[in-house]
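Have a look at the structure below before the remarks.
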Amino acid sequence: MSSFNPGLPIVAIVGRPNVGKSTLFNRIVGERMAVVEDEAGTTRDRLYGDSEWNGRRFVIVDTGGLDRAPGDVIEMKVQEQARQAIGEADVVIFVVDAAAGVTPADLEAAELLRAATAPVIVAVNKADNQKRDLEAVEFYELGWEELYPISAAHGRGTGDLMDAIVWALPPESSEEIARRQREQEAEAWSREEAAGRLEAYVVGSEPDEDDESAEAGVDAEPETLTEAEAGRRWDALIAAEGEETPVAIAIVGRPNVGKSSLLNALLGEERAIVSDVPGTTRDATDTPLEWGRSTVMLIDTAGIKRRGKVASGPAAERHSTLRTLRAITRADVAILVIDAVEGLTAQDAHVAGYVVDEGRGLVVAVNKWDLVADKTDKTFDQYVTWIRSEAPFLDFASILSISAKTGQRVGRVLEAAIDVWGERRKRVSTAELNRLVAEASSRVTAPIVKGKRPKIFYATQVAVAPPTFVFFARDAGSVHFSYRRYLENQLRVAFGFDGTPIRLIFRERSSVKLPRKRPAGPTGRRRSGRWPVRAGSTKPRGRAATSG
Ligand code: GDP
Ligand code: GDP
């Protein structure tokens, strides 16, 4: 099934210390979110970030977390790091330093990287000027036919490097293609809206008098899609939502929080064993599960179940972080398991941040609840309040306390995740949405930012999973963060979207012409019938009796 192909490709940056790996990482990731993996005993964190170039998305990993603990031989670490990169990456960027020239450590890393099946791109960094470009030629000694002289610090040559990376990536998976198509659909849809080609449908909202466009008659008669065209587009969007796909759920969390225990509690021992097929394709690591009337696909559970049999230590942890990120990109909903005794750690918050950034649904399972001493009926609420204050960006997430050991509420975790799946696919009709937006923006007007007060004309939901709304506004660039939060809250109060991030996009539109009068009869232009309310999921819900 298309939606269970692997997630984003992985591009790893390797090289000895100080060549400029993290500088390059930052340049590639830019302002996009990076996941920092804290690790004791290192002077630097490992970083995972998202990047996009020419429409291809990939995860970029700065493998630079070299242990510089006393006694460690740095060259050994470079080798270990290079080996890791060989095993996991789809493309390897081997960074060397033009100012320093070829070093023995470079030669050793090159030796290892030559054995890589993934393409290796040699980036000769600190080529800040033409003189350094010329010096870079000495790196042909490493044995690659092509060198990319760059200056990570100044951006010189990095465009060519990005082209080379994208060129070297494996062919797009069907999941990536589907995602890109969804994004393009949404984009096209909102452009049509912005151009006035789809008639804005605002119920009960007459254009207000200060709306110059109505006065001036701008967009006198917008080019409008015929009903049939709009309908076809709409049907295509709904079809793209793939109502028949199983609910893809990833169970994620730090080592030892109880992920395997939760999985086993959900599956029952026998099933866990039977389905442990060490396959050659990545899909073989997924575990299908019938839950009530829903089909659930637990993503990448082999990584969970094999725990205990694999080596531990930094290499294994790095591997598990990569697996986690991959699993998240392939899932609809992530169940983040945290340890009730330890609470929400920085690393938990980082992973949760990645879930949000990817627009996935999130259920936080506070496990080992049986170990929490002296519980009262207020303990859980206090715990939830504490988590929400630690990580305010997670306030949309469902939080449950469970015990994988005793089985307490484990079924509810899965039900909550299935519910979130449905929430992610909710579609609000344009009419309903604009009724809400009109009311919300008349109750609280947008604050003035740098002398400009944004004015929202109308909104439309352009995508599901995650629900994405485009607001057309004057001075859209001046919508204050607090106002965005206000609108998001209003949407949540009215329509739910529990457990899923929602996206609000503000687009500039200097004016909007709203139809002044609408014929009331069924033969009029009123088209509310074209916009089906899709609140709620058509997905059958599992109802299990395992909660307790
Ligand atoms: P890492 O240890 O490989 O991650 O290296 P860093 O990214 O921390 O960079 C090491 C040093 O090289 C820092 O002082 C950077 O400012 C410097 N550096 C990184 N890129 C460039 C570059 O393109 N040109 C120059 N001249 N210095 C750079
Ligand atoms: P994973 O590394 O996240 O897969 O964690 P495991 O499932 O292997 O669990 C780690 C340890 O925590 C094991 O010793 C489990 O028995 C224990 N554990 C897991 N869930 C619970 C729980 O709900 N309560 C208690 N008391 N211990 C648990």
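Just follow the structure's listing: the first ligand is 1, and inside any ligand the first atom is 1.
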Q.
Checking side-chain polar atoms at under 3.5 Å, does Asn264 have a donor or acceptor matched by the opposite partner on Ser261?
A. no
Q.
Which of the numbered atoms in ligand 2 are under 4.0 angstrom from any heavy atom belonging to Arg254?
A. 3 (O)
Q | Short N or O distance, Pro255 and ligand 2, threshold 3.5 Å exclusive | A | no
Q. Less than 3.5 Å between some nitrogen or oxygen of Ser261 and one of ligand 2, yes or no?
A. yes
(Q) Going by the closest heavy atom to atom 15 (C) of ligand 1, which one wins out of Thr23, Ile150, Leu24? (A) Thr23
Q. Ala153 heavy atoms, cut-off 4.0 Å: which ligand 1 atoms fall inside?
A. 20 (N), 21 (C), 22 (C), 23 (O), 24 (N)
Q) Looking only at non-hydrogen atoms, which of Asp128, Val124, Asn129 approaches atom 25 (C) of ligand 1 most closely? A) Asp128
(Q) Can you confirm whether the side chains of Asp348 and Thr345 place a donor and an acceptor under 3.5 Å from each other? (A) yes
**Q.** Ile402 N/O under 3.5 Å from ligand 2 N/O
**A.** no
Q: Step by step, work out the salt bridge (charged side-chain N to carboxylate O under 4.0 Å, His left out) result for Asp395 and Arg492.
A: CA-CA 11 Å; Asp395 57 5; Arg492 289 189 183 282; 5.6 Å; no
Q: Using side-chain hydrogen bond (donor to acceptor under 3.5 Å, both in side chains) as the criterion, list what pairs up with Arg388, not counting sequence neighbours.
A: none
**Q.** salt_bridge(Arg412, Glu415) N-O dist < 4.0 Å
**A.** no
Q. Run the salt bridge (charged side-chain N to carboxylate O under 4.0 Å, His left out) check on Asp128 and Arg156 step by step: do they pass?
A. CA-CA 7 Å; Asp128 300 341; Arg156 209 168 166 259; over 6 Å; no
Q: Search all heavy atoms of Ala404 against all heavy atoms of Asn367 and return the closest pair with its distance.
A: N-OD1, 2.9 Å
Q) Taking the minimum heavy-atom distance to atom 8 (O) of ligand 1, which of Gly155, Ser22, Ala98, Gly157 ranks first? A) Ser22
Q: With sequence neighbours left out, write down each residue that passes side-chain hydrogen bond (donor to acceptor under 3.5 Å, both in side chains) with Asp160, or none if nothing qualifies.
A: none
Q: With heavy atoms only and a cut-off of under 4.0 Å, state how Val95 meets ligand 1: side chain, backbone, both or neither.
A: neither
Q: Would you check, one step at a time, whether the test side chain to side chain contact (heavy atoms under 4.5 Å, CB included) holds for Leu24 with Leu161?
A: CA-CA 11 Å; Leu24 178 62; Leu161 177 67; 4.0 Å; yes
Q | Closest candidate by heavy atom, reference atom 24 (N) of ligand 2, pool Asp370, Val410, Val341 | A | Asp370
Q.
Within ligand 1, which atoms have a heavy atom of Lys21 less than 4.0 Å away?
A. 1 (P), 2 (O), 3 (O), 4 (O), 5 (O), 7 (O)
Q. Between Leu371 and ligand 2, does any nitrogen or oxygen pair lie at a separation below 3.5 Å?
A. no
Q.
When you compare ligand 1 with Ser151, is there at least one nitrogen or oxygen pair between them that comes in under 3.5 angstrom?
A. yes
Q: Within a distance under 4.0 Å of any heavy atom of Lys259, pick out the atoms of ligand 2 and give their elements.
A: 1 (P), 2 (O), 3 (O), 4 (O), 5 (O), 7 (O)
